[in-house]
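Data first, discussion second: the structure below is written as structure tokens.
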Amino acid sequence: MLLPSGVFSRSYETDMGLFRTKKRWVIFSLFLVFLFLFPLYASNYLVSLVTVSAIILVSVHGLNLLTGYCGQLSMGQAAFMGVGAYISGILVVRLHLPWVVSFICAGFGSGIIGIIFGLAALRIKGFYLAVSTLAAQYILGWFFLNMRWLTGGSEGLRVPPASIGGFVFDTERSQFLLIITICVLITYFCRNITRTHVGRAFVAIRDNDLSAEVIGINLKFYKPLAFFVCCVLAGFAGSLWAQYVGIVTSDQFTLDNSILYLAMLIVGGMGNNVGAIFGVAFMQMLYELSVILSPILSEIWPNLGGQFFSALLNVLYALGIILFLIFEPRGLYHRWEILWRRYRLYPYSH
Amino acid sequence: MDSILLAIILPGLLVGFLYSLVASGLVLIYKSTRIISLTQGGLLLMGAIIAWVLISSGVPLWIAFLLTLIVSGLLGYLVDRYLLRPVMGQPLLSSIMITIALAWLFHGVGLMSLGGREAILLPFDQNSIFMIAGLPVSRLKFWGAIISMIIFAIFFLFYKYSFIGLVMRSTAEDHEVTQSLGINVKGIFSQTWVICGLLAGIEGILMGSILSVNVGLSDIGWKVLAVVLLGGLESLGGCIIAGPVIGILEKLCSFYLNPLVGGDLGEIVSYIVMIIILIVKPYGFFGLKRIERI
């Protein structure tokens, strides 16, 4: 964190503060104002793009806490989002509970189901959480598709838009405001987790879990906690997704999507709150680019068919993970940091 | 009595031997490099697709197989040399994520080449059967299982009795000791991956002939994790036993539990086995008990 000269920390609280100078507070407030007034001057298409990105960002923040800060790999993030989506949908549609209750239950329900799948793997040293969440992805996917009496099978579950205290969020703008508010709050929550002893425990576990245990961090508590928080955030994201998209089907939460969220995290920057934002933004832009280019490319090569380009997108995501892991494991955010640092320290660019 | 039971178990047994061949590649890579390589399914799919492309463009059968094996081995070598070697010093998380991403890459390339259709690899009749002990057994599945058992046996003997096998086993024990004996450990990693690629290529040809060449082949790569966990991550012998167990379990669950549940339970039973194994016995039946619990 680069500070201007003359700004020092005289106490722990000021050192750990989010924004250290008044100027940064002002810039941040302006950014928040810009964000919340976004629907006023942007087209509907852009607003819906940012809304979907915000929902995915909630999920990727969870994955960041688990994989970026705690070092455990989870391949089932999309399945836990699906759990949250279905729980939220079922509570609203079948049991007619208010949306806020269903939102919270979706989060914690997803967390509990995650713990059921992951607790055994978290108690063993090694990469068994990846195996366990892969199994969870397939088992939950099968569950969504085949338990028709609960989830509506392949026809899906129709979910009405959220309503808080009688106010229904059924316009694009109100949905945007709701989702952006929740997203900003969850980003703040994740930033705070990483600033406290919990976040430091996670980082210690990632760097060397034997040493972490030796200095007194209770692995039995913190590893499942990281996974629980990841699944809770996935559940929140799923609940928002359900009420935004309006229909929940099992093919919105496949292994495809899990790997996409991992790709977003790795491309953006793994151990970093802002890295998650970069990753989601980059991947969404890539997707939009492919949507724009697809008709043009299929005119040039008409014998390849439409499926070629969605498969090409998969290949690009996978290639993104591989190239970033080999060449820039700290992600796009690190490159941005380097540029920013060069600007701040100009002409002393080292 | 159990004519029905045998009719369920026998196909499961045959499919299980195919799974154990794929699993043996995974076990080999884990033993040598400590990386749980999830790329097997992708390499399998690539082998099947290369064989299909070659055969359907008129190359004679045996030359096509040979070329497929060469290309699969080359693919394994390239994966190790250019994708896994750069991340050798970094935490294991990076390597495993690269193998997962590779599996996804191959899956995507497979989707691009196949375009969602299924392709018949070989001009064999899918339905020809012959009778064993009064039960109809698919000729393709039977010969597929026999071939994979033979290849597994060859490979096992090679690993146990040849010099390269000995060197690989010492690498699997301890990298530093092996290096201090003057053996190029990085070269052994490459050789391991080449062998793994070859195995995946053979398996791709077999699977492609028995089932068909479709993108579902890469899902076998995820399923064999159950075989490997059941048999023990470090045990080749465990593979050959756990493979048929998983195959038989799949078919049994499929037959008995499907009417109860209303969907195809056989698809996910291997994943349920994965989770149960992690709870009950994480080192599998024959693995070494080196897995620590926190």
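No hydrogens, no waters, no symmetry mates; every other heavy atom, side chains included, goes into these values. Source: prediction; values computed, not measured.
A search for side chain to side chain contact (heavy atoms under 4.5 Å, CB included) contacts involving A:Val203 returns A:Tyr69, A:Arg206, A:Asp207, not counting sequence neighbours.
Both the backbone and the side chain of B:Val109 come within contact range of chain A, with heavy atoms under 4.5 Å apart. Contact annotation for B:Leu229: only side-chain heavy atoms (C-beta onward) come within less than 4.5 Å of a heavy atom of chain A. Of the two parts of B:Leu225, only the side chain, counted from C-beta on, holds a non-hydrogen atom closer than 4.5 Å to a non-hydrogen atom of chain A.
Applying the 6.0 Å contact sphere to OH of B:Tyr30 captures more than 12 heavy atoms from other residues, nucleotides or ligands. In this structure, A:Phe228 places its CZ atom where more than 12 heavy-atom neighbours from other residues, nucleotides or ligands lie under 6.0 Å away. Within a 6.0 Å sphere centred on CZ of A:Arg330, other residues, nucleotides and ligands contribute 12 heavy atoms or fewer.
Between B:Ile268 and A:Tyr138, the shortest heavy-atom distance links the atoms CG2-O, 3.8 Å. Contact record, A:Ile326 with B:Tyr82: CD1-O, 3.9 Å, taken as the closest heavy-atom pair.
Considering only heavy atoms from C-beta on, A:Met75 stays 4.5 Å or farther from B:Met97 through its side chain. Side-chain contact between A:Pro329 and B:Gln90 is present, with at least one heavy-atom pair separated by less than 4.5 Å. Side-chain contact between A:Leu255 and B:Trp104: present, with at least one pair of heavy atoms (C-beta onward) separated by less than 4.5 Å.
Considering only heavy-atom pairs separated by less than 4.5 Å from chain A, the leading option among B:Pro91, B:Pro86, B:Ala101, B:Ala103 is B:Ala101. Of the listed residues B:Val87, B:Leu93, B:Leu84, the one with more heavy-atom pairs under 4.5 angstrom with chain A than any other is B:Leu93. Comparing B:Ser270, B:Ala226, B:Gly108 by heavy-atom pairs within less than 4.5 Å of chain A, the highest count is held by B:Gly108. Put simply, of B:Ile36, B:Leu92, B:Ile272, the one with the most heavy-atom pairs under 4.5 Å next to chain A is B:Leu92.
Here the straight-line distance linking atom CD1 of B:Ile277 with atom OH of A:Tyr128 works out to 11.5 Å at 0.5 Å rounding. To the nearest 0.5 Å, atom CD1 of residue B:Ile100 and atom CZ of residue A:Phe127 are 9.5 Å apart. Residue B:Ile275 holds its CD1 atom at 11.5 Å from CG of A:Leu119, rounded to the nearest 0.5 Å.
Identified by a heavy-atom distance below 4.5 Å to chain B, the contributing residues of residues 312-325 of chain A are A:Leu312, A:Asn314, A:Val315, A:Ala318, A:Leu319, A:Ile321, A:Ile322, A:Leu325, in residue-number order.
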